[in-house]
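To start, the structure under review is shown below, and the notes come after it.
Here is how names work: the chains are called A, B, and so on, in the same order as the sequence lines, proteins then strands, and each is numbered from 1. Just the heavy atoms: all of them, side chains too, but no hydrogens, waters or symmetry mates, feed the values below.
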Amino acid sequence: MSKLQPVRGTHDLLPDEYRRFAHVVGAARDVARLYGYREMATPIFEFTELFARGIGETTDVVSKEMYTFKDRGDESLTLRPEYTAGICRAFIFNGELTQQLPLKVFAAGPMFRYERPQKGRQRQFHQIDIEVLGAPEPGADIEVISVAADILDRLGILERCVLKINSLGDPECRAVYRKVLVDYYSRHLDKLSEDSRSRLQRNPLRILDSKDESDKAINVGAPSFADHLNQVSRDFFAAVQDGLTAAGIAFELDPTLVRGLDYYTHTAFEFVTTHIGAQGTVLGGGRYDGLIAELGGPPTAGIGWAGGIERLMMLCNEPAAEPRPVVIAPLGAAAEAKALGIARALRRQGIAVEQDYRGNMKRRLQRANKINARAAIIIGDDELAKGVAQLKDFDSGEQREVALDALASALKG
RNA sequence: GCGGCCGUAGCUCAGUUGGUUAGAGCGCCAGAUUGUGAUUCUGGAUGUCGCCGGUUCAAUUCCGGUCGGCCGCCCCA
């Protein structure tokens, strides 16, 4: 038993659950397509260097959560912990992608992070992802958030989520603010929690969001980022907010919203919910104008987000039931052989038909009922001789005789 | 990485103040005569009581470890 257990933080997606998984991805894919985003995929592992440089050496994700290993050629590889770096790498590497900007892509797939699992947090988890490269305008921020809102809406969960946005400014004013903040906290070092003291150099903006009571008290007097945004950043953030309002997308300003990946600039946003436990961020992202240059590409603006498929699954209601199949139930060797051809002809017309491999009439109808079939086509020697079948409707229980060549229209009507 | 709770049939759970064959509901399987489901009735099987070790005459029950899940922190999707 213990040997057959999946690795901690991973799990099997059984058919019922996979159906909901596919429902989430399908909805996202459909909406993304409506906005002109094209789907693509990048490898599940990359050179470790890509993530170390892209995400930031000091971030939690890079410093303690990556699945990194050496392959047989002694290369250091890492299972991707997020999608953005890989897509930016592909953008830089594949010149054709740089020819028509902005590039708008949709992607989905597994991500890997060595974290302590709990509800909504696995070591292998799955994300849907949207990126726009080569668009420095606030219109891209607005659009990308709009795609997200529409996906959540299509899944029926938008009203259970709140959109929080913040501006992290450009590198210039962020550096200034960071310094001001570090100075402020340094003056209150003795009252800071242990967590926050370690955050002070690594990611001081995080302290603003601390849940520690003592930290909260200090935060009351902390300098605010809004006061330190330069004019460019201020204008940009205002344009994003105006656009969201114009698009009819509700949002809340959250000055404590700080994303943990180094590459973010300007807009940061999250759709959060209180319905699925502590891991309430269902989708989040932001702008990363410096990332592509940092990775060695041509200076190119970027913005995007990732959504946690498992978290979205927890929140959304059951997808529409699948179409009910028809079961073909032959009796005897001759009918069984004939049924194979009949079933195939019906499937070619788009009718879902299932045929058991064994069993008498009772067993076949029992199984038909179990798989929620809508009808059964019953064929024995008598029917074979007359070129007909008994068509039994499971909901009404009624059964009637139908000519074999009229089966398709009878089942469609 | 830190703190806490939990682990009994496929599922949801009860139970043993340590003591013969560990239970229920749902589900599953088989029957209620010849080629007809679901409903009803009758019968049946569920299981190393997560795993390893310790204490004990005796452990599923107590203790330790381990694996896994969950809750909070951290972090994030």
State whether A/Y83 and A/R80 meet the cation-pi test: NZ (Lys) or CZ (Arg) under 6.0 Å from the six-membered ring centroid, and within 45° of the perpendicular axis.
-> yes
With A/R123 as the cation and A/Y114 as the aromatic partner, state whether NZ or CZ is under 6.0 Å from the six-membered ring centre and within 45° of the axis.
-> yes
Counting any heavy atom closer than 4.0 Å, what does [X] reach on the DNA or RNA strands: base, sugar-phosphate only, or nothing?
X	value
A/D382	base
A/R374	nothing
A/K362	sugar-phosphate
A/I378	base
A/G359	nothing
A/L283	sugar-phosphate
A/G332	nothing
A/G285	nothing
A/E65	sugar-phosphate
A/A306	sugar-phosphate

Between atom [atom1] in [X] and atom [atom2] in [N], what is the gap in whole Å?
X	N	atom1	atom2	value
A/D212	B/rG3	CG	P	17 Å
A/I55	B/rC75	CD1	P	16 Å
A/D12	B/rG10	CG	C1'	15 Å
A/I371	B/rC28	CD1	C1'	17 Å
A/R123	B/rC67	CZ	P	10 Å
A/D16	B/rG10	CG	C1'	13 Å
A/I207	B/rC73	CD1	P	18 Å
A/D393	B/rG37	CG	C1'	12 Å

When you check the side-chain N and O atoms of A/T78 and A/T68, is any donor under 3.5 Å from an acceptor?
-> yes
Taking only side-chain N and O atoms of [X], does any of them lie within less than 4.0 angstrom of OP1 or OP2 on [N]?
X	N	answer
A/R121	B/rC74	no
A/R8	B/rG68	yes
A/Q5	B/rG50	no
A/K370	B/rC29	yes
A/R363	B/rA30	yes
A/Q366	B/rU36	no

[X] side chain, from C-beta outward: closest of [options]:
X	options	value
A/Y264	B/rC73, B/rU36, B/rA77	B/rA77
A/R199	B/rC74, B/rU36, B/rA77	B/rC74
A/T281	B/rC71, B/rU36, B/rA77	B/rA77
A/Q118	B/rC74, B/rG37, B/rG69	B/rC74

Measure from the ring center of A/F106 to the ring center of A/Y37 and say whether it is less than 6.0 Å.
-> no
Please confirm whether A/F237 and A/H266 have ring centers closer than 6.0 angstrom.
-> no
Rounded distance in Å between the [atom1] positions of [N] and [M]:
N	M	atom1	value
B/rG69	B/rG31	P	41 Å
B/rG19	B/rC75	P	48 Å
B/rC52	B/rC41	C1'	47 Å
B/rA9	B/rA45	C1'	10 Å
B/rU16	B/rG65	C1'	24 Å
B/rG1	B/rC57	C1'	45 Å
B/rC51	B/rG7	P	13 Å
B/rG68	B/rU8	C1'	16 Å

How many angstroms lie between atom OG1 of A/T281 and atom CZ of A/F269, to the nearest 0.5 angstrom?
-> 11.5 Å
Assign each of A/T59 and A/G397 to its nearest nucleotide of RNA chain B by heavy atoms, then name whichever residue's nucleotide is nearer the 5' end.
-> A/G397
Starting at the 5' end of RNA chain B, which residue's closest nucleotide do you reach first, A/S210 or A/P117?
-> A/P117
Paired nucleotide for [N] [Watson-Crick or G-U wobble; both distances under 3.5 Å]:
N	result
B/rA14	none
B/rC62	B/rG54
B/rG27	none
B/rG7	B/rC67
B/rG72	B/rC2

Less than 3.5 Å between a donor and an acceptor, one on the side chain of A/R116 and one on the base of B/rG3, is that the case here?
-> yes
Check: B/rG35 base within 3.5 Å donor-acceptor of A/E383 side chain = yes
Are any of the side-chain nitrogens in A/E137 or A/R287 under 4.0 Å away from the carboxylate oxygens of its partner?
-> no
Under a 4.0 Å N-O cut-off, is there an ion pair linking A/E401 with A/K386?
-> yes
Distance-only, no hydrogens or angles: does the A/S210 side chain make a donor-acceptor pair with backbone N or O of A/I207 under 3.5 Å?
-> no
Would you say A/F125 stacks on B/rA77, if stacking means ring centres under 5.5 Å apart and planes within less than 30 degrees?
-> yes
